[in-house]
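Worth saying up front: this structure is predicted, and the values here are computed from it rather than measured. Sequence positions, counted from 1, serve as the residue numbers for this chain.
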Amino acid sequence: MKKVYETAADMILSGIVFAALIAIILGAALFDKAGRRMKVESEDFSVMKDTLAVEAVCQRKTPSIRCAGKKVWELGEPVFVQQAFAAEDAEGNSLAVRVLDIINHEGTSVLECYQKETDVATFSQRGVYTFSLKAVDQERKSKVEQITILVDQR
């Protein structure tokens, strides 16, 4: 009786494997036919005005930020941000510069030295200060730049 069960189990197992292989082959053939039927003509969006406008904006250069004033300042001397730093867009038009953070030589933020309302930074201690500045052009392209100045008693 044991041999009968073993033989039957071998035949059933072989039949299941054979049926699974047939199902996989037929399924692949059906999916291929269904996929060929679903192919539709697509529209080429690369020549549309919107696509060309987005490509032009993406290829546009980011604004540039530079130090326009002096690099060495005296203690207590006001640093007028819009005069000390300059930003330009890709066409050379002047942009406003925004202060994101000011970090001293120890890596600590000293943003309390900056008055946002008047756009002026005044330092009461000598040291090296790094301004984190941001400029955004009319196409919303932005640039963040770190510029370092020295505050010293001369």
Roughly how far apart are C58 SG and K141 NZ, rounded to 0.5 Å? 6.0 Å
Does V72 belong to the same Ile/Leu/Val/Met/Phe/Trp/Tyr cluster as V128, with side-chain heavy atoms less than 4.5 Å apart forming each link? yes
Enclosure of K71 NZ (heavy-atom neighbours >12, cutoff 6.0 Å): yes
For a quick test of reading the model, state the closest non-hydrogen atom pair linking W73 to A84 and the distance between them. CZ2-CB, 3.9 Å
Please tell me whether V110 and V81 are part of a single hydrophobic cluster in this structure, the criterion being side-chain heavy atoms less than 4.5 Å apart. yes
Distance from K61 atom NZ to E139 atom CD, nearest 0.5 Å? 16.0 Å
Could you check whether any side-chain heavy atom of T148 comes within less than 4.5 Å of a side-chain heavy atom of Q146, counting everything from C-beta outward? no
Closest non-hydrogen atom pair, D137 against R60: OD2-NE, 2.8 Å
Flag the pair F80 / Q82 as yes when at least one side-chain heavy-atom distance between them is below 4.5 Å, and no otherwise. no
Grab the two heavy atoms, one from V136 and one from S142, that are nearest each other, plus how far apart they are. CG2-CB, 3.8 Å
The reported gap from CZ in F123 to CG in L75 (rounded to nearest 0.5 angstrom) is 10.5 Å
Identify every side-chain donor-acceptor pair in residues 93-102 under 3.5 Å, counting partners at least two apart or on other chains, and give the distances.
residue: N93; atom: ND2; partner: D89; partner atom: OD2; Å: 3.3
residue: D101; atom: OD1; partner: S109; partner atom: OG; Å: 2.6

G76 versus T122, closest heavy-atom pair with distance: O-CG2, 3.5 Å
Between F131 and F85, how do the two ring planes meet: parallel, tilted or perpendicular, split at 30° and 60°? tilted
Quick one, E145 and R66 - any side-chain contact, counting heavy atoms below 4.5 Å? no
Audit row: Y129, I103, side-chain contact (heavy atoms from CB on, under 4.5 Å) steps and yes/no: CA-CA 6 Å; Y129 295 94; I103 299 171; over 6 Å; no
For Q138, does the CD atom have more than 12 heavy-atom neighbours from other residues, nucleotides or ligands under 6.0 Å away? yes
Minimum heavy-atom separation for P63 to A135, with atom names? CG-O, 4.0 Å
Would you mind listing every salt bridge (charged side-chain N to carboxylate O under 4.0 Å, His left out) that reaches into residues 125-136, with sequence neighbours excluded? R126-D152
List the residues meeting salt bridge (Lys or Arg N to Asp or Glu O under 4.0 Å) with K70, not counting sequence neighbours, and say none if there are none. E77
Which distance, rounded to the nearest 0.5 Å, do you find between the SG of C113 and the CD of Q125? 8.0 Å
Taking all atoms of both residues into account, what is the closest heavy-atom pair of G127 and H105, and its distance? CA-ND1, 4.3 Å
Going from CE on M11 to CG on L13, what distance comes out if it is rounded to the nearest 0.5 angstrom? 12.0 Å
So CD1 of I147 and OG1 of T130: to nearest 0.5 Å the spacing works out to 10.0 Å
